[in-house]
Amino acid sequence: DGSEITDVENYVRANYKNPDPKMFGKAKGKNVFLISVESTQNFVINETVNGKEITPFLNDLISDSYYFPNFYHQTGQGKTSDSEFLLDNSLYPLPSGAVFFTHAQNQFNATPELIKKHGYESAVLHANNKSFWNRDIMYDSLGYDKFFSLKDYEVTPENSIGWGLKDKEFLQQSIPHIQSMKKPFYAKFITLTNHFPFTLDEEDEYIPEWTSDDGTVNRYFTTVRYTDEALKEFFESVKQAGLYKDSIFILYGDHYGISENHNPAMSQFLGKEITPFESVQLQKVPLIIHMPGQKGKVMETVGGQIDLKPTIMHLLGIETKNDIQFGTDLFAKGRQDFAVLRDSSFITKDHVFTGSVCYDKTTGEKTDSKACEALGERAKAELGFSDKIIYGDLLRFFDKNVHTEKMKQ
Ligand code: GP9
Ligand code: MN
């Protein structure tokens, strides 16, 4: 019955943090460009390989954006689809399987649905078959108005590589699609070229491959560099299309690209041993929030993909204090530095907890497990509550609760 959601609601209410009034509504009425940057981890940012910048465009963009260097992906087996789920719902994905497949018929309270009432049209743009990850079904449940998929793009053997349409082509061909949308829009672009096994045509190699014994890692830098170039061209086209000034841009890495199988090469690249502590730190993905006309700022707060929904809603000037969400606005003054990964590892301001060991963040050394205890309870509670919502389809009851509450007032 509906009483199960009461505990969850109490937990969520107790952890709610008010938005920073300086940021609330800062992007009111703007178009929202969400750009999922495939398999891009934060360690490539402001980094070079053989003396060449890996992400020159993103590095430039960061200098006039809000950049979050301590931002983590929280995905599980659902990979890209899990990152989408986190972003739109501020709920955790599942401990196994992909929620996009297993619970697509649930009731959600996703951003596309919520911002409809504020005049937004929403879309996903991704040049893959519409049923991949069960997206066509799930996007209906999340309230998306449109889904531009494979059939909406001109895809030929010449303009494709690896998993499909090259990012440059995908992003360019996306411009007429977004021009066809009502303003303001909320549009999620899902890039693809920087996907394992990281293959490219020679003409698309802006930097040479690295030279370790590990071909996957070697190619990774070169495909990241290609996607960086595709993003640069996309921003130019968005400007030419007259869509830049009235928009905000949120770029985020969807999940890791280099798995632990490649620790030897990663250790060689980073010049340090990849301990369990370092493995967690490698789960950082870039988050860049670019608002034309705003100065750049590095935001050190520890957070994750679950925090994006309240962050975006508050930038658009939409309240979230009555929502069921596990994230906290990344700009909120009172927010706790906190990110929980799907495997129950978690990160705070001073500690990393993983594999039942508490690590000191400054030294990377094991420390007294007491230091991780308090937030360990919270991490467990969050994952448990979120799973309960999904397994029990509890948001069915939530709408009614809000309704009853309103009736009482
Ligand atoms: C496929 C794309 C990549 O459409 O989202 O999937 P991934 O393997 O990264 O989840
Ligand atoms: Mn992906």
Side-chain angles (χ1 to χ4, degrees), residues 34-44 55 58 71-89 92-104 123-140 142 144 146-153 155 159-171 173-174 177 187-200 216 219-220 223-224 226-228 230-231 250-262 282-287 304-306 308 341-343:
L34 300 157
I35 307 178
S36 166
V37 192
E38 178 60 40
S39 299
T40 300
Q41 292 171 233
N42 194 61
F43 79 90
V44 298
T55 57
L58 293 181
F71 181 79
Y72 294 79
H73 85 81
Q74 295 162 304
T75 63
Q77 290 171 341
K79 305 300 295 282
T80 311
S81 72
D82 278 356
S83 72
E84 296 186 61
F85 185 76
L86 280 146
L87 167 85
D88 286 332
N89 296 290
Y92 290 93
L94 292 176
S96 68
V99 55
F100 263 46
F101 273 118
T102 58
H103 293 80
V124 181
L125 302 95
H126 182 48
N128 197 355
N129 195 299
K130 67 179 165 63
S131 61
F132 197 91
W133 281 130
N134 204 30
R135 282 183 171 112
D136 51 344
I137 309 293
M138 187 58 160
Y139 289 164
D140 270 346
L142 299 178
Y144 276 103
K146 291 189 171 147
F147 179 19
F148 297 99
S149 67
L150 186 62
K151 62 173 177 32
D152 302 295
Y153 290 85
V155 184
N159 68 15
S160 303
I161 191 80
W163 278 58
L165 188 61
K166 296 178 183 181
D167 285 348
K168 280 193 180 195
E169 282 284 336
F170 159 63
L171 291 168
Q173 290 188 35
S174 294
H177 293 325
K188 178 163 65 185
F189 301 77
I190 305 174
T191 64
L192 194 54
T193 306
N194 186 46
H195 192 293
F196 182 84
F198 312 115
T199 43
L200 281 182
T216 299
R219 290 191 301 279
Y220 179 70
T223 44
V224 170
Y226 166 80
T227 297
D228 182 81
L231 291 169
I250 297 160
L251 293 83
Y252 64 95
D254 62 346
H255 49 72
Y256 68 80
I258 302 296
S259 74
E260 291 182 6
N261 299 332
H262 303 280
L282 281 171
Q283 306 314 307
K284 291 178 183 177
V285 292
L287 170 63
Q305 289 162 333
I306 204 146
L308 284 170
L341 308 189
R342 188 55 258 197
D343 70 356

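First listed ligand is number 1; within each ligand, the first listed atom is number 1. Just so it is clear, the model here is predicted, and its values are computed rather than measured. Here, residue 1 is the first one in the sequence, and each next residue gets the next number.
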So, Asp167 versus Thr193: side-chain donor-acceptor pair below 3.5 Å or not? yes
query = What is the ring orientation for Trp163 with His195, classed by angle as parallel under 30°, tilted 30 to 60°, or perpendicular over 60°?
reply = tilted
- Query: Side chains of Gln305 and His73: do they bring a donor and an acceptor to under 3.5 Å?
  - Reply: no
Side chain to side chain, Trp133 and Met138, heavy atoms closer than 4.5 Å: no
Note: ligand 1 atoms sitting under 4.0 Å from heavy atoms of Phe132 are 1 (C), 4 (O)
Judged by heavy atoms only, the candidate from Thr80, Asn129, Asn128 nearest atom 10 (O) of ligand 1 is Thr80
Q | Asp254, any N or O under 3.5 Å of ligand 1 N or O | A | no
Please find out if the Mn ion (ligand 2) and some N, O or S atom of His195 are separated by less than 2.8 Å.
no
| Should Phe170 and Leu125 count as side-chain neighbours, where that means a heavy-atom distance under 4.5 Å? | yes
Heavy-atom contact check, 4.0 Å cutoff: does Trp133 meet ligand 1? yes
CG of Asp254 to OG of Ser81, rounded to nearest 0.5 Å, is 10.0 Å
protein heavy-atom neighbour closest to atom 4 (O) of ligand 1 works out as His126 NE2, 2.5 Å
Review point. Is any side-chain N of the basic residue among Lys188 and Asp88 closer than 4.0 Å to the acidic one's carboxylate O?
Key: yes
- Query: Has Ser83 got an N/O/S atom less than 2.8 Å from the Mn ion (ligand 2)?
  - Reply: no
The atoms of ligand 1 lying under 4.0 Å from a heavy atom of His255, numbered in the order shown, are 9 (O)
Q | Donor-acceptor pair between Tyr256 and Thr75 side chains, under 3.5 angstrom | A | no
**Message:** Geometry only, no angles: is Glu38 polar-contacting ligand 1 at N/O separations under 3.5 Å?
**Reply:** yes
Going by the 4.0 angstrom heavy-atom rule, the piece of Arg135 near ligand 1 is side chain
If you scan protein heavy atoms around atom 8 (O) of ligand 1, the nearest is His195 NE2, 2.8 Å
Output field for angle at the Mn ion (ligand 2), His255.NE2 vs Thr80.OG1, rounded to 10°, should show 110°
Looking at Asp254, the N/O/S atom that lies nearest to the Mn ion (ligand 2) is called OD2
When Thr199, Asp228, Thr40, Asn194 are each screened for side chain to side chain donor-acceptor pair (under 3.5 Å) with Thr223, the one that passes is Asn194
